[in-house]
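Presented below is the structure to which this report refers.
Letters go in sequence order (proteins before strands), and every chain restarts at 1.
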Amino acid sequence: MDSVKSQWIKIIAAGLLEAAGEKGLTLENIEDKIVVERPPRSEMGDLAFPMFPFAKDFRMAPPAIAALAAQALGTPSEGEVKTAGPYLNVFLNRTSVTRELLNEVEKAGDAYGASDMLKGQKVMVEFSCPNTNKPLHLGHLRNDAIGESISRILKAAGADVKKVNLINNRGVHICKSMLAYQKFGEGKTPESTGIKGDHLVGDFYVKFNQWSKEDSTAEEQAQEMLRQWEKGDPQINELWETMNRWTIDGIRETYEKTGISFDTYYYESDTYLSGRDEVLKGLEQGVFYKDEDGSIRLDLSDIGMDTKVMLRSDGTSVYMTQDLGTAIARHKDFPFDRLIYVVGAEQEYHFKVLFHALKKLGYSWADMLYHLSYGMVNLPEGKMKSREGTVVDADDLLADLTKMAKDEIIAKEREEAVGDADETAGKIALAALHYFLLQVSPYKDMIFNPRESLSFNGNTGPYLQYMSARINSMLEKYQERKEEFAGAELDYSLLNSEAEWELIKLISAYPSQVRQAASELNPSIVAAHLYDTAKAFSRFYHDCPILGSGDKNLTRSRVALSEAVLQILKNGFELVNIPFLSKM
RNA sequence: GCGUCCUUAGCUCAGCUGGAUAGAGCAUCGGCCUUCUAAGCCGAGGGUCAGAGGUUCGAAUCCUCUAGGACGUACCA
């Protein structure tokens, strides 16, 4: 459809030029001025060209320009041009557009929608970045969903994408769960308790917070532990390694369940030292300064901000120190053209400072860093608060969703048909979750209502899966009954209903939607387009019998259309991490 | 205080670089299963696009102000 659009821009331009010529006017850069739109209702045409931008050139009212241009255009072979007030509306030659499009989709297959828009670009995407003191919660799931999805979308746009994680495995917060374990742990392990490692460690983190309310020295003890640890205390180190492994193993299990993966894991425990060296180097160079209190700081007055600690007065490193080291290590490993940090909006200040610090340290690639600042997930009652126990745990949520999906399968008596009901339920849960998280623009805060938000009806992931499963089943039946339709011929002119034409237009728009999602780093564009497509198919499927159309050629042609729709759904599912189900 | 962002139907959200009558889903009400999966389809009601100015032929969209909200402004991450 892109080629159709540019073709029509040329046609309209020619018409306008001719009309202008008749009036003795000359127009410049006419093609750049032409705006292509979609008419608000399909019966008004397929493409719309508003004439407002030419009012000044013509010194005429837009409707009059439209009339003149339409007259000049006459009846081009590519379609029909009609005026509608100030608009020129184009009705495309449906048969030829359909033929071309369905052939293109079939040829491209899984690659339909892919482009070379970002060809040659190396893009690193950082996301997830869990702390090793507690399990993942709903906020992480949104981060993971966005990070994984934009990685896939950028890849589809031709970029060389490297997905990276950063394990926040050091810092005072880690010491807190360790300290609580030392005090109250009684040697418990994931094996001895049967509790998933990340949850077990998280329980001790909660315990620390309870204990610190009773014992005012708790915070100081945690700080002391951090100092001992950075000095290399072997006992602390051993405990750290053990508890870290528990957490990371647990978190990796959650990644596997949700279809998230990384090309490279970075660990703050590996990068904080190089970050510290970097800070000391920067101190020598005069980029940083030593404050009266002994801490090493960056003066940000040149960008209208205060100062920021780069290294604590006791010599231990902060978040910033580690992120400096990590960024530098990453650019060495993978000289990116762009590094996208998928991190919550609450850390905007941090990244502003980080990027600024790297620039001042003389790293030219500091300009290629980008903070994809996404919004928070809130509950109807407000913020999720771990202290009040209102945090929605990732594993619990997945388990609940899977249970709901399984109950639904049983209620609909689809266990047999579906094959492995548990596996299917798990995939439905993922679809519900990922679609819910990705249908919203990343940068906006969103509200998660556990009771209502994850329904399986309406504008949801399972609805998409359902439509694709139905198409798949129908196509399988077609294959089984192949002899019945032997000798059938594809006749695109038979696909002449409005429902079919709507589908054609949606299929043709898919690649541009993917490109837009890539340039805006916004998966919700893909999600919305998938919904529109599924919805349009649903209407078509309801109105237009396929296998029972009564006309072999019509059946064959509608099958071809359905195949293309299924291809778009499958390709799009891949981009937003929704599993395709052949049966549901 | 300062900075950044948000405010569209009862609720949750779309609405692309300004363009024709602002759209979905949920919820409410009413239809549709001897025919390809009813996790579906069709229809109805529901809007001063927070408010006020401005720019423009034209504003939910751009600018300014006001109100409400979120986040940040840590030797937490």
Side-chain angles (χ1 to χ4, degrees), chain A residues 35 37 39-41 44 48 50 52-53 55-56 61-62 84-87 89 129 131 133 168 171-174 223 268 291 293-297 304-306 308-314 316-320 322-323 343-350 352 373 375-376 378 380 382-383 405 408-409 411-412 414 417 428 432 436 439-441 443-449 452-453 455-460 462-467 469-471 473-478 481 512-513 516 520 522 524-525 527-528 531-532 535 538-539 541-549 555 558 562 583-584:
Chain A
V35 178
E37 286 167 11
R41 289 192 310 279
M44 300 170 83
F52 303 104
K56 273 184 188 145
Y87 292 88
N89 287 345
C129 304
N131 293 325
N133 62 339
N168 294 296
V172 207
H173 56 295
I174 305 295
Q223 289 288 348
E268 289 196 332
D291 196 79
D293 60 15
S295 62
I296 297 178
R297 291 172 182 256
M305 295 198 275
D306 207 0
K308 186 75 190 173
V309 171
M310 309 304 282
L311 204 59
R312 289 197 189 96
S313 48
D314 64 6
T316 60
S317 55
V318 289
Y319 183 37
M320 191 64 70
Q322 304 159 160
D323 253 5
V343 181
E346 66 276 11
Q347 293 193 31
E348 267 167 19
Y349 179 76
H350 169 80
K352 229 176 243 171
S373 166
M376 311 216 315
N378 295 315
K383 251 187 109 163
E408 201 72 12
I409 292 169
K412 293 177 195 308
R414 294 287 297 170
I428 293 170
F436 177 77
Q439 73 183 135
V440 181
S441 294
Y443 69 92
K444 280 190 180 175
D445 286 352
M446 65 187 291
I447 292 180
F448 172 77
N449 185 329
E452 294 168 11
S453 299
S455 122
F456 296 159
N457 304 321
N459 188 356
T460 64
Y463 172 83
L464 298 180
Q465 286 178 313
Y466 177 67
M467 288 322 305
R470 285 182 73 180
I471 299 173
S473 300
M474 183 268 294
L475 291 174
E476 276 177 12
K477 283 195 179 116
Y478 175 75
R481 292 163 53 183
S512 68
Q513 297 287 300
Q516 196 187 338
E520 290 179 24
N522 184 356
S524 77
I525 293 169
Y531 177 71
D532 289 343
K535 176 98 181 152
S538 197
R539 189 168 300 152
Y541 202 41
H542 187 265
D543 297 347
C544 307
I546 297 175
L547 302 181
S549 73
T555 294
R558 284 181 173 166
S562 304
K583 296 220 158 26
M584 189 169 161

Quick one: do A:Glu348 and A:Lys352 make a salt bridge, cutoff under 4.0 Å? no
Verify the contact: side-chain N or O of A:Arg558 to OP1 or OP2 of B:C36, cut-off strictly under 4.0 Å; return yes or no. no
Please state whether the phosphate of B:A14, meaning OP1 or OP2, lies under 4.0 angstrom from any side-chain nitrogen or oxygen of A:Ser441. yes
Should A:Tyr466 be counted as stacked on B:U37, where stacking needs a ring-centre gap under 5.5 Å and an angle between planes under 30 degrees? no
Approximate separation, where rounding is to 0.5 Å, of A:Met467 CE and A:Met584 CE: 10.5 Å
Once you apply the 3.5 Å cut-off to both distances, tell me the Watson-Crick or G-U wobble partner of B:A50, or none. B:U66
Categorize A:Glu346 for me: base, sugar-phosphate, or nothing, with a 4.0 angstrom heavy-atom threshold over every strand shown. sugar-phosphate
Any side-chain N or O of A:Lys535 below 4.0 angstrom from OP1/OP2 of B:C42? yes
Between B:A70 and A:Lys444, is there an OP1 or OP2 to side-chain N/O distance shorter than 4.0 Å? no
For B:G10, the Watson-Crick or wobble partner whose two distances fall under 3.5 Å: B:C26
Is the distance from OP1 or OP2 of B:G40 to the nearest side-chain N or O of A:Lys412 less than 4.0 Å? no
Considering only nitrogen or oxygen atoms on both sides, find all protein atoms under 3.5 Å from nucleotides 54-63 of chain B and state each distance.
none

Answer yes or no: does a side-chain N or O of A:Tyr463 lie under 4.0 Å from OP1 or OP2 of B:A38? no
Does the side chain of A:Ser538 get closer than 4.0 angstrom to OP1 or OP2 of B:G40 through an N or O atom? no
N/O donor-acceptor pair, side chain A:Asn459 with base B:C13, under 3.5 angstrom: no
For B:C33, is chi within 90° of 0 (syn) or not (anti)? syn
Side-chain N or O of A:Arg41 versus OP1/OP2 of B:A20: is the shortest distance under 4.0 Å? no
Looking at A:Asp293 and A:Ser295, would you say the former's side chain and the latter's main chain have a donor-acceptor pair under 3.5 Å? yes
